[in-house]
Amino acid sequence: GYGVGSSGALVAAIYDRYAHDKITVLENLTRDKLLRLKQVFAKMESFFHGKSSGLDPLNSYLSLPILINSRDNIESTSIPSQNPNGKGAVFLLDSGSVGETAPMVQIFMEKMKQEGFRKVIKDQFIKYTDACVEDFISGNVKSLFGNIKQLSHVVLDHFSPMIPKEFHQLWKQGIETNAYYLKLCGSGGGGYILGFTEDFDKAKEALKGHRLEVVYNF
């Protein structure tokens with residue numbers, strides 16, 4: 001319930017240990033094999049979430065970043081090397097509470113019945129998410145932070161039930177001061193929140209009293 005793929009890791013481990021006709025990570029992983037794995041993992045992980053894409057277990061099983069071009073077009077990819085001395089960072093912010101995925105998925109599905117919300121998802125959420133992925137993979141840090149700010153704004157405006165109440169103000173503060181930008185991990189509701197900053201010392205100061213963990217340096 002922390003949004004960083006622990007149920008996915010468990011599903012991958014169970015498949016690795018007990019699956020018949022197992023697709024192994026050592027063989028040539030064609031797109032068909034990746035999709036077959038994804039389908040199996042989606043069925044298994046739905047035990048935890050009510051509904052699952054199967055991507056978290058797939059990511060965990062392969063130990064590789066996965067690029068999702070569309071539902072049926074997924075591929076493994078690579079990300080730029082870290083700059084260990086860089087000031088910028090991607091970090092995890094611990095909300096201190098566990099989030100339940102199934103209720104959050106339920107809220108999202110209900111909201112998707114509204115045409116206005118579907119339009120926001122298509123015209124804003126997907127647009128900025130795709131731009132962030134593109135920027136991150138190509139190492140375009142300047143553009144990435146512009147798009148992350150927009151994405152953070154969209155989430156605050158339209159996904160507020162998924163953001164723990166005590167973090168609404170911190171979320172807003174990041175956007176207003178540009179000290180950091182926050183993004184939901186998994187379905188939200190608790191667990192970890194993902195943070196992006198161009199100056200980790202500045203972000204640390206602004207988020208004093210909270211537990212932060214750096215996962216990538218720019």
Side-chain angles (χ1 to χ4, degrees), residues 1-5 7-8 35 38-39 41-43 45-46 48-56 58-59 66-74 90 92-93 95 97-138 140 142-197 206-207:
Y2 247 70
V4 284
S7 56
L35 286 171
K38 181 178 173 290
Q39 283 164 355
F41 287 147
K43 281 184 181 168
E45 201 185 29
S46 65
F48 293 98
H49 300 330
K51 193 172 173 65
S52 166
S53 65
L55 287 164
D56 271 355
L58 183 62
N59 192 70
I66 296 165
L67 185 60
I68 309 146
N69 297 302
S70 67
R71 185 176 295 188
D72 298 325
N73 183 356
I74 55 176
V90 181
L92 290 170
L93 164 63
S95 75
S97 63
V98 172
E100 291 246 355
T101 300
M104 295 297 130
V105 170
Q106 194 54 45
I107 291 169
F108 179 77
M109 291 308 203
E110 281 303 313
K111 282 168 95 66
M112 279 298 274
K113 290 175 183 173
Q114 303 160 19
E115 196 185 331
F117 185 75
R118 287 200 302 273
K119 193 167 164 45
V120 166
I121 292 292
K122 184 168 170 282
D123 298 346
Q124 296 178 46
F125 186 78
I126 290 174
K127 174 186 159 186
Y128 293 125
T129 301
D130 284 353
C132 289
V133 171
E134 198 78 28
D135 288 340
F136 189 75
I137 287 173
S138 59
N140 192 344
K142 191 170 170 43
S143 177
L144 172 67
F145 278 94
N147 285 312
I148 285 282
K149 181 175 184 174
Q150 297 288 354
L151 184 60
S152 188
H153 221 307
V154 171
V155 172
L156 182 62
D157 292 346
H158 300 282
F159 290 75
S160 55
M162 284 86 163
I163 302 170
K165 280 194 173 59
E166 61 276 25
F167 286 89
H168 283 209
Q169 191 47 46
L170 274 185
W171 202 287
K172 196 165 172 239
Q173 175 187 295
I175 295 167
E176 287 170 354
T177 62
N178 297 315
Y180 57 87
Y181 305 121
L182 300 178
K183 181 196 169 297
L184 289 172
C185 269
S187 59
Y192 283 116
I193 294 165
L194 198 60
F196 292 80
T197 180
L207 295 165

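Since the model is a prediction, treat every value here as computed from it, not as a measurement.
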What do the steps show when you test I74 against N69 for side-chain contact (heavy atoms from CB on, under 4.5 Å), and what is the final call?
CA-CA 6 Å; I74 55 176; N69 297 302; over 6 Å; no
Going by ring-ring contact (aromatic ring centres under 6.0 Å, His included), name the residues that satisfy it together with F167, two or more places apart in sequence or in a different chain.
H210
So, using side chain to side chain donor-acceptor pair (under 3.5 Å) as the criterion, who are the partners of T197 when residues are at least two apart?
none
Kindly give the heavy-atom pair with the smallest separation between S97 and G189, and that separation in Å.
OG-O, 4.5 Å
More than 12 heavy atoms from other groups under 6.0 Å of CD on Q124:
yes
Could you work out, with side chain to side chain donor-acceptor pair (under 3.5 Å) as the rule, every residue matching Q173, not counting sequence neighbours?
Y180
Measure the OG-CZ distance between S7 and F48 for me, rounded to the nearest 0.5 Å.
5.5 Å
Look up atom NZ in K38 and atom CG in N59, then write down how far apart they are to the nearest 0.5 Å.
13.0 Å
Using a 6.0 Å cut-off, check whether atom CD of Q114 has over 12 heavy atoms from anything other than its own residue.
yes
Residue pair S52 / A42: nearest heavy atoms and the distance that separates them
O-CB, 3.4 Å
How close do I163 and W171 get, heavy atom to heavy atom, and via which atoms?
CG2-CE3, 3.7 Å
Who passes side chain to side chain donor-acceptor pair (under 3.5 Å) against D157, sequence neighbours left out?
H153
Using every non-hydrogen atom in the two residues, find where E45 and D56 come nearest and quote the distance to one decimal.
OE2-CB, 4.0 Å
Considering residues at least two apart in sequence or located in another chain, which fulfil the side-chain contact (heavy atoms from CB on, under 4.5 Å) criterion with N178?
K149, Y181
How would you list, by chain and number, every residue that makes a salt bridge (Lys or Arg N to Asp or Glu O under 4.0 Å) with K122, sequence neighbours excluded?
none
Just verifying a value: how many Å separate I148 CD1 and L194 CG, rounded to the nearest 0.5 Å?
7.5 Å
Heavy atoms only: give me the nearest S187-E100 pair and the separation to one decimal.
OG-O, 4.4 Å
Expected output: side-chain S152 to main-chain K183 donor-acceptor under 3.5 Å:
no
Quick one: side chain to side chain donor-acceptor pair (under 3.5 Å) partners of Y2, sequence neighbours excluded?
D94
Set of residues satisfying ring-ring contact (aromatic ring centres under 6.0 Å, His included) with respect to F196, sequence neighbours excluded:
none
In Å, rounded to the nearest 0.5 Å, how long is the span from CG of L58 to CD1 of I68?
9.0 Å
Quick one: does I193's side chain get under 4.5 Å of L170's, heavy atoms only?
no
Show me the pairs that pass salt bridge (charged side-chain N to carboxylate O under 4.0 Å, His left out) and involve residues 105-114, at least two apart or across chains.
E110-K113
List the atom pairs, with distances to 0.1 Å, where a side-chain N or O of residues 127-137 and a protein N or O form a donor-acceptor pair under 3.5 Å, not counting sequence neighbours.
{"residue": "T129", "atom": "OG1", "partner": "F125", "partner atom": "O", "Å": "2.7"}
{"residue": "D135", "atom": "OD1", "partner": "S143", "partner atom": "OG", "Å": "3.2"}
{"residue": "D135", "atom": "OD2", "partner": "S143", "partner atom": "OG", "Å": "2.8"}
{"residue": "D135", "atom": "OD2", "partner": "L144", "partner atom": "N", "Å": "3.2"}
{"residue": "D135", "atom": "OD2", "partner": "N147", "partner atom": "ND2", "Å": "2.8"}

Contacts satisfying salt bridge (charged side-chain N to carboxylate O under 4.0 Å, His left out) that involve residues 160-172 (not counting sequence neighbours) are K172-E176
Those residues at least two apart in sequence (or on a different chain) that pass side-chain contact (heavy atoms from CB on, under 4.5 Å) with M112 are F108, F117, R118, I121
